[in-house]
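Notes for the one structure printed next.
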Amino acid sequence: MINFFARVLSVILSPLILPTYGMIIALWTSSLSTIPTINRIAVTIMVFLFTNLLPAAIIALLLRMKVITSWALPSKKERNIPFIVAILCYVSCTIYLANIMAPLWLLMFLIAATLTAITCGIINLWWKISLHCAATAGVLGLALHIFSTSINTCNMLPVISIAILSLGAIASARLFLERHTLAQVIAGSIVGFLWVYLLT
């Protein structure tokens, strides 16, 4: 049962979906919440397409072509191409946000996500760092940025609390599934948090 919940949590907090969660937080808890709802939904959908659906479709194609053996990407070697795919999709999403005149701090969130993927991709050449923890910690960094810069339009403490609990939960899940060591989940968390918090 615990194994099942750990796997479900790994899907819910997949690195591909975390940028969408971050965008929802940015658009519904900050000064951007004054933008018409339909526009915020449209932007969120576009971010989901760029950072989740597109890379997932490419990874599915790689799986079908037997370039990779599993969605879980169990080996360091299998992660290299998906990392490149994710980076290119993040860059495309950043260009999209720039074209719609998104504020600089929101652009920097996607740039930080891109740099996180690049950093983890480089580290992955030698060591299997946790991208799940890096992505979740990045969303925590975004929530803390919105709170600390007083651009929030609602109480951020519940959001921050959920982000902290999510980081602890996904780290525990990855350890339980033996996908990573304690050092790897800690390193991923530090990389993701610092890039987002320092750049946004």
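Across all non-hydrogen atoms, the minimal contact from C120 to V191 is SG-CG1, 4.2 Å. Considering every non-hydrogen atom in both I17 and V11, the closest pair reads CG2-O, 4.3 Å. The two atoms that bring G138 and V196 nearest to each other are O-CG1, 3.2 Å, heavy atoms only. Counting all heavy atoms, side chain and backbone alike, P103 lies closest to L32 at CG-CD2, 3.8 Å. Nearest heavy-atom pair, T94 versus I111, reported as atom, atom and distance to 0.1 Å: CG2-CG1, 3.8 Å. Between I146 and A26, the shortest heavy-atom contact is CD1-CA, 3.9 Å.
In this structure, L167 CG and S189 OG are separated by 4.0 Å, a value rounded to the nearest 0.5 Å. From L182, atom CG reaches atom CD1 of I186 across 4.0 Å, with rounding to the nearest 0.5 Å. Atoms CZ and CG, from R64 and L62 in turn, are 12.5 Å apart once rounded to the nearest 0.5 Å. We find the OG-CG distance between S130 and N124 to be 11.0 Å, quoted to the nearest 0.5 Å. With rounding to the nearest 0.5 angstrom, the NE2 atom of H145 is 10.5 Å from the CG atom of N152. Rounding to the nearest 0.5 angstrom, the gap separating the OG atom in S166 from the CG atom in L9 is 7.5 Å.
The side chain to side chain donor-acceptor pair (under 3.5 Å) analysis of residues 24-34, with sequence neighbours excluded, yields the pairs S33-T153. For residues 181-200, the set of pairs meeting the ring pair (Phe, Tyr, Trp, His ring centres under 6.0 Å) definition, not counting sequence neighbours, comprises F193-Y197. Residue pairs satisfying the side chain to side chain donor-acceptor pair (under 3.5 Å) criterion with at least one member in residues 96-112, sequence neighbours excluded, are absent. Contacts classified as side chain to side chain donor-acceptor pair (under 3.5 Å) and involving residues 5-15 (residues at least two apart or in different chains) are given here: N3-R7, S10-R174. Residue pairs meeting the ring pair (Phe, Tyr, Trp, His ring centres under 6.0 Å) criterion with at least one member in residues 147-181, sequence neighbours excluded, do not occur.
A single hydrophobic cluster is not seen to contain both I190 and I122; linkage of ILVMFWY side chains at heavy-atom distances under 4.5 Å, directly or through other members, places them apart. Residues I45 and L54 do not share a hydrophobic cluster, clusters being chains of Ile/Leu/Val/Met/Phe/Trp/Tyr side chains in contact below 4.5 Å. Transitive grouping of hydrophobic side chains (ILVMFWY, heavy atoms separated by less than 4.5 Å) keeps L107 and L88 in distinct clusters. Under a hydrophobic-cluster definition in which Ile, Leu, Val, Met, Phe, Trp and Tyr are linked whenever side-chain heavy atoms come within less than 4.5 Å, directly or via other members, I129 and L175 are assigned to different clusters. Using a 4.5 Å cut-off between side-chain heavy atoms of Ile, Leu, Val, Met, Phe, Trp and Tyr, with links allowed through other members, L18 and L115 fall into different hydrophobic clusters.
The number of heavy atoms from other shown groups lying within 6.0 Å of CD1 (I100) is above 12.
F83 shares a hydrophobic cluster with L131; the chain of contacts runs through ILVMFWY side chains whose heavy atoms sit under 4.5 Å apart. Residue Y90 is found outside any hydrophobic cluster, as its side-chain heavy atoms come under 4.5 Å of no other Ile, Leu, Val, Met, Phe, Trp or Tyr.
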Given the rule in the side chain to side chain contact (heavy atoms under 4.5 Å, CB included) test, do I59 and L63 qualify, once you have shown the distances and angles that lead to the verdict?
-> CA-CA 6 Å; I59 291 173; L63 187 61; 5.6 Å; no

Side chain to side chain contact (heavy atoms under 4.5 Å, CB included) evaluation trace for V43 with L97 | CA-CA 8 Å; V43 171; L97 290 177; 4.1 Å; yes

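Using a 4.5 Å heavy-atom threshold, the side chains of T114 and I118 count as touching. In this structure, I170 and C133 have side chains that are in contact, with non-hydrogen atoms separated by less than 4.5 Å. Considering only heavy atoms from C-beta on, M23 comes within 4.5 Å of L106 through its side chain. Side-chain contact check for L140 versus I164: some heavy-atom pair is nearer than 4.5 Å.
Partners of A143 by side chain to side chain contact (heavy atoms under 4.5 Å, CB included), not counting sequence neighbours, listed by chain and number: M156, V159, I160. Residues that satisfy the side chain to side chain contact (heavy atoms under 4.5 Å, CB included) test with A183, not counting sequence neighbours, are W127, T181. For the side chain to side chain contact (heavy atoms under 4.5 Å, CB included) test, residues two or more places apart in sequence or in another chain that qualify with L53 are F48, L49. Shown here are the side chain to side chain contact (heavy atoms under 4.5 Å, CB included) partners of L198, two or more places apart in sequence or in another chain: L194.
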